[in-house]
Protein chains: 2
Amino acid sequence: MTQKIDFLSKNQQIVLEIIEKAKEPLKAYSILFSVQKKGIKGPPQVYRALDRLIKLGKIHKIESKNAFVACKNDNCTISNATAFSICDNCEMVTEISNPKLSKYLTNFQDETGMRYNKYNLEFFGLCKKCKK
Amino acid sequence: MTQKIDFLSKNQQIVLEIIEKAKEPLKAYSILFSVQKKGIKGPPQVYRALDRLIKLGKIHKIESKNAFVACKNDNCTISNATAFSICDNCEMVTEISNPKLSKYLTNFQDETGMRYNKYNLEFFGLCKKCKK
DNA sequence: TTGAAATATGTTATATTATAACAAAGCGTA
DNA sequence: TACGCTTTGTTATAATATAACATATTTCAA
Ligand SMILES: [Zn+2]
Ligand SMILES: [Zn+2]
Ligand SMILES: [Zn+2]
Ligand SMILES: [Zn+2]
């Protein structure tokens, strides 16, 4: 019996590929325009693929930008614990992969002792290039 | 010479008041519908007020929900460092005010030594009520 | 006091992001 | 085969946000 965990459908492969190739976060409709030549016709196909890829941890959504980036963590099995740095000037986005940070946040308890099973953290500042 | 830092215009006051009264995050268009009786006619007025209130730290945007909450930190002068807990079930949102956490994140440096002047953190889980 | 600059508001239209609803096709397997 | 399940296709529309430009109000210095 074969595992289906990693199976990607045709549309999902197409969408993943274009996001992986991109150097910057992609918007859903810019993905749509790019893949129309490959036969994907409408928003639903794109959004379905995005939803699935997010669940699989292959991509992440940058909430403050409504844009999508490929996971750089060697296929994030921890898509429930994400952190990014975002340049205010050039909009470059980098996925932060810092064990100490993720440990700190995963173990974080609030005043009431509540713990959480998921978080998303977005840092903003100027990237090296833009700081010069 | 009077300070203008805290001055709110009429529309800004109206929008802030309704967000402060609400027990849950409000969407921009639900704010619009509520304030139409007070003379605010269109989306631009609402979005302008929201933008201003965010800059002043009076409200925050919950990015994962496209919704807005009043600051509970006694008027957050640190609107550049925000953290929230969000219930996956009832969608309740609570602003986290934890000095250790904010210190940790404000001082965080990534691998390249880069530091950030702003962050937004959203935790997800089940609130006390929903956990029962 | 007056008039230019800055800020706030009003108004219409439109852009952008995302989902609903339902039909059809493909695939695994009993 | 025929049934359930997943994926895809298609049309329409909902929800979120901004552009562009006109008007009004406030500020403040000449
Ligand atoms: Zn990742
Ligand atoms: Zn940059
Ligand atoms: Zn606050
Ligand atoms: Zn709850």
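All values below come from the heavy atoms of this structure, side chains included, with hydrogens, waters and symmetry mates left out. Order of the sequence lines fixes the chain letters, A, B, ..., with proteins taken first and strands second; residue numbering starts at 1 for each chain.
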>> Centroid separation under 6.0 Å, is that true for the rings of A:Y119 and B:F124?
In response: no
> So with a 6.0 Å cut-off around NZ of B:K23, is the heavy-atom count from everything else above 12?
Replying inline: no
>> Nearest 0.5 angstrom please: B:K41 NZ to B:Q36 CD, how far?
In response: 9.0 Å
>> Rounded to whole Å, how long is the line connecting atom CD of A:E63 with atom P of C:dT17?
In response: 13 Å
> What is the distance from CD of B:Q13 to P of C:dA8, rounded to the nearest Å?
Replying inline: 12 Å
> How many Å lie between CD1 on A:I14 and C1' on D:dG9, as a whole number?
Replying inline: 13 Å
> In whole angstrom, what separates A:L26's CG from C:dT16's C1'?
Replying inline: 16 Å
>> Check the phosphate of D:dT8 against A:S9, side-chain N and O only, distance under 4.0 Å to OP1 or OP2. Yes or no?
In response: yes
>> Would B:N120 and B:F84 count as a side-chain contact (heavy atoms from CB on, under 4.5 Å) here? Give the steps.
In response: CA-CA 8 Å; B:N120 180 55; B:F84 303 93; 3.5 Å; yes
>> For B:K100, is the NZ atom crowded, meaning more than 12 foreign heavy atoms sit under 6.0 Å from it?
In response: no
> Looking at B:N66, does any N or O in its side chain come under 4.0 Å of the phosphate oxygens OP1/OP2 on D:dA15?
Replying inline: no
> How close or far is atom P of C:dA15 from atom CZ of A:F33, stated in whole angstroms?
Replying inline: 11 Å
> Is the distance from OP1 or OP2 of C:dA18 to the nearest side-chain N or O of B:K65 less than 4.0 Å?
Replying inline: no
>> Once rounded to the nearest 0.5 Å, what's the spacing between atom CD1 of B:I19 and atom CG of B:L26?
In response: 6.0 Å
Filtered N/O pairs between nucleotides 10-14 of chain C and protein, under 3.5 Å:
| from | atom 1 | to | atom 2 | distance (Å) |
| --- | --- | --- | --- | --- |
| C:dG10 | OP2 | B:N11 | ND2 | 3.2 |
| C:dG10 | N7 | B:R48 | NH1 | 2.9 |
| C:dG10 | O6 | B:R48 | NH2 | 2.4 |

> Rounding to a whole Å, what distance do you find between B:L32:CG and D:dA14:C1'?
Replying inline: 15 Å
> To the nearest angstrom, how far is A:R52 atom CZ from D:dT6 atom C1'?
Replying inline: 9 Å
> Roughly how far, to the nearest 0.5 Å, is CD1 of A:I86 from OH of B:Y116?
Replying inline: 10.0 Å
> Between atom CG in B:D51 and atom P in C:dA8, what is the gap in whole Å?
Replying inline: 12 Å
